[in-house]
Amino acid sequence: MSHWLVKSEPTSFSYRDLEKAPKKTTSWEGVRNYAARNFLRAMRKGDRVFFYHSNAEPNAIVGICEVVREAYPDESQFDRKSEMHDPKSTRESPTWSTVDLRAVRALPRAVTLAELRGVAGLEKMEILRKGSRLSVTPVSEEEWRVVCALAGVSDAVA
DNA sequence: GCCAACGTTGGC
DNA sequence: GCCAACGTTGGC
């Protein structure tokens, strides 16, 4: 099982919004970056995913969600009225993918970006890289364990 | 194929 | 609000 991290601006879609969604599930539409898309496509049902609030006060990992449906075409790319519309994309060969994510649990303690900096074991974590902009990134097993420990979540339930 | 210009992301 | 990082676009 792999682990991942997705970013969202809480003013547009927060972890709380995911918890309030029907079945606590949403389609992670709108990814328009090839590297991030490729990570979406590599996600497998059951993979656990950190939910990170960017452009937030504070910026922090706030929850855990789970992949409940593997990659499928992102409908918004075909919608001419959507800001996410991609005229280059066709039904025959869709460019952009989405997955379904379901809220598992809010972290007992949100772990802020400031707190993550300097923590042993997280030196290579993508989100800590200067200028990091990828909205979907893989998280190593060690990074997952370290962050869970900081958040007060035991591995057994993560 | 190169690269400058431009737009966006996102931390601070 | 500023600005660094980075992806994309388009001229050549």
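Order of the sequence lines fixes the chain letters, A, B, ..., with proteins taken first and strands second; residue numbering starts at 1 for each chain.
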message: Can you list, in residue-number order, the parts of residues 126-140 of chain A that come under 4.0 Å of DNA chain C, counting heavy atoms only?
response: A:R129, A:K130, A:G131, A:R133
Name the atoms and distances for all side-chain donor-acceptor pairs under 3.5 Å in residues 120-131 of chain A, with sequence neighbours left out.
from	atom 1	to	atom 2	distance (Å)
A:E123	OE1	A:G121	N	3.0
A:E123	OE2	A:G121	N	3.3
A:E126	OE1	A:R129	NH1	3.0
A:E126	OE2	A:R129	NH1	2.5
A:E126	OE2	A:S132	OG	3.1

query: Just checking A:N59: base, sugar-phosphate only, or nothing, at a heavy-atom cut-off of under 4.0 Å?
result: sugar-phosphate
- prompt: Quick one: salt bridge (charged side-chain N to carboxylate O under 4.0 Å, His left out) pairs with a partner in residues 89-99 of chain A, sequence neighbours left out?
  reply: A:E75-A:R91
Check: residues 49-56 of chain A side-chain donor-acceptor pairs under 3.5 Å, at least two apart:
from	atom 1	to	atom 2	distance (Å)
A:H53	NE2	A:Y15	N	3.1
A:N55	ND2	A:E9	OE2	3.0

message: Would you call the rings of A:F39 and A:W4 parallel, tilted or perpendicular, taking 30° and 60° as the class edges?
response: tilted
task: Go through DNA chain B in 5' to 3' direction and return only the first and the last nucleotide with some atom under 4.0 Å of chain A's heavy atoms.
output: B:dG7 to B:dC12
task: Could you list all the salt bridge (charged side-chain N to carboxylate O under 4.0 Å, His left out) pairs where at least one residue sits in residues 109-119 of chain A, not counting sequence neighbours?
output: A:R109-A:E115
- line: Those residues at least two apart in sequence (or on a different chain) that pass side-chain contact (heavy atoms from CB on, under 4.5 Å) with A:A35 are A:N33, A:L134
Residues forming a salt bridge (Lys or Arg N to Asp or Glu O under 4.0 Å) with A:D86, sequence neighbours excluded: A:K88
What donor-acceptor contacts under 3.5 angstrom involve side-chain atoms of residues 62-72 of chain A, with partners at least two apart or in another chain?
from	atom 1	to	atom 2	distance (Å)
A:E66	OE1	A:R102	NH2	2.5
A:E70	OE2	A:K45	N	2.9
A:Y72	OH	A:S27	OG	2.9
A:Y72	OH	A:D100	OD1	2.4

